Protein chains: 2
Amino acid sequence: MTSIKDVAKLAKVAPSTVSLVLNHKGYVSEITRKKVEEAVAKLSYVPSEMARNLSLNRTNMIGVIVPEISHPFFATFIREVEVELYRRGYKTMVCSTVQKANAEHAFVNMLRRQTMDGIIMGAHSLELDIYDGLSHPIVAFDRFINENIPIVHADHQSGGRLAAKAFLPHRCHHIVQIMGAREVLTPANVHHEAFIETLTEAGTRVDTLEMAWNAFDPIDFLQTAEQLFNKYPDVDGIFGPDLAICSCMRVAAQRGIHVPENLKLVAYDGTYITRVGQQVITAVVQPIGHLAYMAAEKITSWVNGRPGEKLYALPVTLQKGDTC
Amino acid sequence: MTSIKDVAKLAKVAPSTVSLVLNHKGYVSEITRKKVEEAVAKLSYVPSEMARNLSLNRTNMIGVIVPEISHPFFATFIREVEVELYRRGYKTMVCSTVQKANAEHAFVNMLRRQTMDGIIMGAHSLELDIYDGLSHPIVAFDRFINENIPIVHADHQSGGRLAAKAFLPHRCHHIVQIMGAREVLTPANVHHEAFIETLTEAGTRVDTLEMAWNAFDPIDFLQTAEQLFNKYPDVDGIFGPDLAICSCMRVAAQRGIHVPENLKLVAYDGTYITRVGQQVITAVVQPIGHLAYMAAEKITSWVNGRPGEKLYALPVTLQKGDTC
DNA sequence: TTGAAAGCGCTAACAC
DNA sequence: GTGTTAGCGCTTTCAA
């Protein structure tokens with residue numbers, strides 16, 4: 001391997017000078033700069049990132065933990081985060097947790113070991129004690145972890161209300177909402193309360209169906225949909241995560257229930273999946289790009305020592321579709 | 001930062017002994033092992049990955065380059081690759097290229113700089129010269145890069161035939177296939193030829209619509225669908241990538257064309273998106289899990305010095321759906 | 001403006 | 001079995 005010393009030798013300068021040239025630091029005379037650049041070119045020298053990392057005590061790597069990378073919501077989030085981090089000079093390492101027992105734990109240990117400078121944590125973990133006493137940069141994505149960890153999330157309160165208001169003019173009699181597991185501590189849980197509150201005030205019956213914390217497979221959603229129609233045959237409105245609503249549309253079609261005539265549907269999240277079917281699904285849209293921007297911004301500024309300011313919930317919007 | 005020396009000092013042993021204990025290497029007496037472990041615990045010492053990397057000249061990090069992380073096909077691929085790499089003790093770094101001008105170039109440079117040990121390259125790059133003379137471990141995912149780079153891909157020849165055979169019994173008169181840009185050098189291109197061949201042999205007219213190399217947004221596919229129905233009003237069969245077929249279903253529905261009665265649809269890829277709509281889309285399914293497994297296997301064995309054996313195309317399957 | 005030298009924290013060859 | 005020592009390749013004072 002050709003190292004900085006080889007370059008120095010060939011250019012007849014000191015390694016430190018080569019370092020200065022390569023990093024555009026300090027003052028280097030035009031003539032030595034040229035010499036160094038020539039030597040670099042001649043040897044086609046490429047500096048070692050590992051050595052640099054050790055010396056600087058930095059990796060410029062940020063880890064992103066999510067329950068399931070391939071889920072449209074997280075996939076889009078990761079895409080956006082990766083772009084934002086790249087802009088700021090950081091690399092993105094990913095980790096999907098639902099398929100791997102305690103990968104989250106392993107990942108957090110990597111943070112300790114300085115494999116990365118910080119992490120954006122969005123997994124649906126149930127064991128939060130692994131974060132206790134950790135002083136490394138961590139930003140939570142739509143998750144409560146502990147008091148020291150700032151959290152980036154959408155304004156789920158408005159989200160719940162927005163969804164409820166979408167149903168209101170249609171005077172549904174019986175709405176069922178599908179929700180994730182309550183045991184997962186996420187600010188997203190408030191949207192259910194806001195939803196129920198707004199609708200029950202208006203006199204609508206609302207029932208709730210809770211899913212498992214690790215349900216991400218389309219199969220899981222299909223089962224839930226079947227279950228829902230069996231348990232509540234008179235349902236005329238459903239509110240739930242994108243994929244759950246997709247499954248409900250399928251099952252409704254199979255049972256001859258017409259959407260939106262006999263059944264109103266509103267999805268929560270509003271990922272692209274609500275826009276690729278035959279009907280556009282009416283949905284509360286989480287601002288994934290904005291969330292990703294904030295997550296990237298907060299984690300990198302923490303890595304650089306700047307304390308994170310308080311974060312206000314990011315605004316959600318309603319996507320007018322064909323299903324409600 | 002507490003280092004291996006501090007542990008050694010506290011345990012009254014040499015740093016190398018601590019290293020042996022930590023890495024479960026060589027022979028260490030039970031008694032000194034205990035001493036070391038106690039010291040580690042007392043100092044809550046965590047070894048530095050950066051120092052280890054430099055010393056071992058290894059990062060245990062694999063980069064995965066794709067055009068678009070959030071696309072269902074790539075999102076699923078990355079999920080599977082990440083799981084497979086994790087099993088083998090590697091971390092996964094991702095890079096999405098369509099949004100970032102020459103990120104691919106930057107990424108390949110990271111390989112040179114030893115930021116990662118190897119990369120799995122699946123981007124739709126048009127400039128392949130950046131790979132010339134690169135001797136680092138690279139495995140191409142469904143892309144031709146150059147002679148030295150092994151390639152993991154599905155059996156697209158069978159894929160094209162399988163799709164054609166799905167149409168055959170329905171005796172379509174005019175089938176249109178939507179394809180990616182020909183300028184992207186991918187083994188996937190053969191499926192179009194196999195498709196046309198099989199159908200024209202049977203006397204069916206087949207037209208082809210080519211999309212831009214960087215088309216990944218649902219919007220792009222919707223435009224293509226509109227264009228298709230305008231240009232070929234008599235079309236009664238469409239073959240194309242999952243998202244293109246989704247868009248065609250939407251546009252067909254808007255125009256009152258019934259699927260499958262008046263229009264047969266077959267998708268290529270068969271990602272989960274073909275399974276979340278009201279109708280299951282008939283599709284040729286690429287074995288994403290298998291592809292990911294092979295990609296992970298080949299890149300890690302190359303990193304470990306074992307030469308990659310030749311790879312045979314991985315088998316595809318047909319998903320019987322409601323659309324053909 | 002440049003060079004010498006001391007790390008960064010770990011591993012591994014080689015003695016003992 | 002365990003310790004000594006010399007790196008891995010870079011950055012960064014501090015002198016000159």
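Given the structure is predicted, the values throughout are model-derived calculations rather than measurements. In what follows, every chain begins at residue 1, and chains take the letters A, B, ... in the order their sequences are listed.
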Roughly how far, to the nearest 0.5 Å, is CD1 of A:I119 from CD1 of A:I299? 7.5 Å
From CG of A:N53 over to C1' of D:dT11, roughly how many Å is that when rounded to an integer? 12 Å
Got a sec, which residues hit salt bridge (charged side-chain N to carboxylate O under 4.0 Å, His left out) with B:E183, two or more places apart in sequence or on another chain? none
Rounded to whole Å, CZ of B:R112 lies from P of D:dG9 at a distance of 18 Å
Whole-Å distance separating the CG atom of A:N57 from the C1' atom of D:dG9: 16 Å
Enumerate the side-chain hydrogen bond (donor to acceptor under 3.5 Å, both in side chains) contacts for residues 20-29 of chain B, please, sequence neighbours excluded, ordered by first and then second residue. B:S19-B:N23, B:N23-B:R52, B:S29-B:T32
Quick one: list whatever passes side chain to side chain contact (heavy atoms under 4.5 Å, CB included) with A:E30, sequence neighbours left out. A:R33, A:K34
Between P on D:dG9 and CG on A:L54, what's the gap in Å once rounded to a whole number? 12 Å
State, to the nearest 10°, the angle formed by the axis through the first five base pairs of the helix from C:dT1-D:dA16 to C:dC16-D:dG1 and the axis through its last five. 30°
If I take atom CD from residue A:Q286 and atom CZ from residue A:F73, how far apart are they, to the nearest 0.5 angstrom? 4.0 Å
Tell me which pairs pass side-chain hydrogen bond (donor to acceptor under 3.5 Å, both in side chains) where either residue lies in residues 287-305 of chain A, with sequence neighbours left out. A:R58-A:N304, A:R88-A:E297, A:Y90-A:N304
Which nucleotide span of DNA chain C, 5' end to 3' end, has atoms closer than 4.0 Å to non-hydrogen atoms of chain A? C:dT1 to C:dG9
Listed partners of A:F216 passing ring-ring contact (aromatic ring centres under 6.0 Å, His included), at least two apart: A:H71, A:H124
Presence of B:K12 side-chain N/O under 4.0 Å of D:dG3 phosphate oxygens OP1/OP2: no
Using whole Å, what does the distance between atom P of nucleotide D:dC10 and atom NZ of A:K25 come to? 14 Å
Please list, in numerical order, the residues of residues 14-24 of chain B that have a heavy atom closer than 4.0 Å to any atom of DNA chain C. B:S16, B:S19, B:N23
Rounded distance (Å) that lies between atom C1' of D:dG9 and atom CG of A:L56: 12 Å
Residues in residues 35-52 of chain B with a heavy atom under 4.0 Å of DNA chain C, by number, are B:Y45, B:P47, B:S48, B:A51, B:R52
Quick one: salt bridge (charged side-chain N to carboxylate O under 4.0 Å, His left out) pairs with a partner in residues 6-21 of chain B, sequence neighbours left out? none
The complete set of salt bridge (charged side-chain N to carboxylate O under 4.0 Å, His left out) pairs with one or both residues in residues 141-152 of chain A, sequence neighbours excluded, reads none
Applying salt bridge (charged side-chain N to carboxylate O under 4.0 Å, His left out), which residue pairs with at least one partner in residues 91-111 of chain B are found, sequence neighbours left out? A:E82-B:K100, B:E49-B:K91
For B:L54 and A:L54, which heavy atoms make the closest approach, and how far apart are they? CD2-CD2, 3.3 Å
Consider only side-chain N and O atoms of A:T59 and A:N53, and report whether a donor and an acceptor are under 3.5 Å apart. no
Short side-chain donor-acceptor distance under 3.5 Å, A:E127 and A:S125: no
